[in-house]
Amino acid sequence: MSEAAPNTSVIADAAPRRRGLFIGGREEAAASGKTFATRDPATGALLAEVAEAGAADVDRAVAAARQAFDAGPWPALPARERGRLLRRLAEAIERHADELAEIETRDNGKPIFESRQIDLPEAAAVFDYYAGWADKIEGSVVPVAGPYHAYTRREPVGVVGAITPWNFPLLLASWKIAPALACGCTVVLKPAEQTPLSALRLAELAAEAGVPPGVLNVVPGFGPTAGAALARHPGVDKIAFTGSTAVGHEVMRLAAETNKRISLELGGKSPNLVFPDADLDAAVRGAYNAIFYGKGEVCAAGSRLLVASSIHDRFLEKLVERTRKLVPGDPMHPKTKLGALVSAEQMERVLGYIASGRSEGAAVVLGGERAAVPGLEHGNFVQATIFDRVRPEMRIAREEIFGPVLATLEFHDFEEAIARANDTCYGLAAAVWTRDLALAHRAARALKAGTVWVNTYNQYDPAAPFGGFRQSGFGRELGKQALDLYTETKCVWVNLQE
Ligand code: NAI
Ligand code: MG
């Protein structure tokens, strides 16, 4: 994008600032006094020096959360009052949407239109949705044999440790915090080191909305230190993690030491299947959104395009034509559709995958290089990249790239389409494009994935459960299913004999 971005900044001043940890309702320095830098991935500019939590700080945050849970007001508050506070937080997010959107875009590099139109409205909607659940979490009467009255209670699981990634910093934190608080749990959140700023602002807004001290604590820091300290902390009852599959395995091991409840939302290599009878223009739009939305740094990205051989050439021609117009630009410019990758490290990973695709013999039909954005020479930009002639055994067909890189494979019939689609260790999402209703439902049954989209892609809603099969994780976030993650079921037996 050659035109300069209009000055749309709503953050008061451009000077780097200092941010503390958020523990027990206030901002605090780290015990070690250490800080780390968080940078704008489009410009390289320092956004803030952030207090770096270590094990001692995680201890303090867990103690604050324990106090707010064990002795404090939160689980004891009338459920409707908890719901009211969550709704006030949803409204505060809406009121501060411009500010939060800018924080998100500057910290992550995602286009401002995405932050404004997706991340922010969705984060507010998640709090609004779980505000409604707070006073509707019911037990039941169990028809047991004998002279007994047995009933269940759904009790909050306790202190929740939430560990979140950098791709949707505020939204994925909301997916965990909102249901946890609705259920009466308290939370210690460890945001990704690349993108800690929106979670810190969220904690301030929660406090302003009236959420009591200690109920929501935020401890920015690094995975092997702050993250690991949280995952193994004996004062934490449950870990909710989103991130890479490798770290998910490590978090499981750490959490196992104290038998914590755990839910994992990990990576994916989601297949997007286009059958010959599909509405081709709609499927092209869908394939484009599936991989290029969020720079492809999306756990459910449709990174494997499986196209019927009979329409492959026509389809790819249309897709390339559409994608040619997608050039990376200044994330703060309202017209930018492809932003900067979150970090130099992530950009190198993505470029490494592009090199591996080339060397394994796949054909680059578009992009394939680091992109130069005028005025932003230090930005982590990668061209929208489409590979054709990808074979199932290639790394770009098997491993999560987490960038704007599409791998195209072919299939000849339904059986081969499903076999190829399921030929992965992952199972987060999948999509099918067809006008044949029965075929669509048959595919939806056969695909091993937690979400299947038919003639659409990347649809999410606070009411719709989301999560993975196989190595994409377990547990379902969002929807009423997420209430299971944050409650324990207690069965009470009462002897009715005189
Ligand atoms: P990561 O898995 O290292 O980071 C996710 C979170 O886990 C961060 O908050 C991080 O600080 C924390 N963490 C890291 N090591 C930890 C440990 N030993 N104990 C506890 N917490 C720990 O992801 P990373 O390295 O930033 O990205 C690498 C790849 O992971 C990406 O290229 C992508 O393939 C995948 N990924 C998938 C995500 C998803 O949405 N499912 C999100 C982010 C990354
Ligand atoms: Mg990492």
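Every heavy atom of this structure was used, including side-chain atoms; hydrogens, water molecules and symmetry mates were not. Whatever order the structure lists ligands and atoms in, that order sets their numbers, starting from 1.
The shortest N or O to N or O distance between Thr164 and ligand 1 is below 3.5 Å.
Under the 4.0 angstrom criterion for non-hydrogen atoms, Phe168 is not in contact with ligand 1. Judged by the shortest distance from any of its heavy atoms, Gln194 lies inside the 4.0 Å radius around the atoms of ligand 1.
Remark: Arg420 is not positioned above the aromatic ring of Phe411, lacking an NZ or CZ atom under 6.0 angstrom from the ring centre and at most 45 degrees off the axis.
Close approach of ligand 1 to Val251 (heavy-atom distance below 4.0 Å) involves ligand atoms 20 (C). Less than 4.0 angstrom separates some heavy atom of Glu250 from each of these atoms of ligand 1: 18 (N). Using a 4.0 Å cut-off to heavy atoms of Pro165, the atoms of ligand 1 that qualify are 42 (C), 43 (C). Interface of Cys299 with ligand 1, defined as ligand atoms under 4.0 Å from a residue heavy atom, comprises 39 (C), 40 (O), 41 (N). For ligand 1, the atoms lying closer than 4.0 Å to a non-hydrogen atom of Leu266 are 41 (N).
With distances taken over non-hydrogen atoms, the option nearest atom 44 (C) of ligand 1 out of Tyr426, Phe402, Phe222 is Phe402.
In Ser244, the parts holding a heavy atom less than 4.0 Å from any atom of ligand 1 are both the side chain and the backbone. The residue Thr245 has no part lying near ligand 1, judged by heavy-atom distances below 4.0 Å.
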Indicate every side-chain donor-acceptor pair of residues 213-224 with a distance under 3.5 Å to a residue at least two apart or in another chain.
from   : atom 1 : to     : atom 2 : distance (Å)
Asn217 : OD1    : Gly24  : N      : 2.9
Asn217 : ND2    : Val187 : O      : 3.1
Asn217 : ND2    : Gly214 : O      : 2.9

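Heavy atoms only, all atoms of each residue included: Phe292 and Leu338 are closest at O-CD1, 4.2 Å.
Taking the salt bridge (charged side-chain N to carboxylate O under 4.0 Å, His left out) definition, one finds that Glu477 meets it with Lys176, sequence neighbours left out.
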Where do Tyr460 and Ile118 land on the side chain to side chain contact (heavy atoms under 4.5 Å, CB included) test, with the steps shown first? CA-CA 10 Å; Tyr460 306 89; Ile118 298 162; over 6 Å; no

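Residues Ile291 and Tyr457 are not in side-chain contact: their nearest non-hydrogen atoms beyond the backbone lie 4.5 Å or more apart.
With respect to Phe241, the side chain to side chain contact (heavy atoms under 4.5 Å, CB included) criterion is satisfied by exactly one of Leu230, Thr164, Val247: Val247.
Using a cutoff of 4.0 Å between basic side-chain nitrogens and carboxylate oxygens, Glu204 and Arg19 are scored as salt-bridged.
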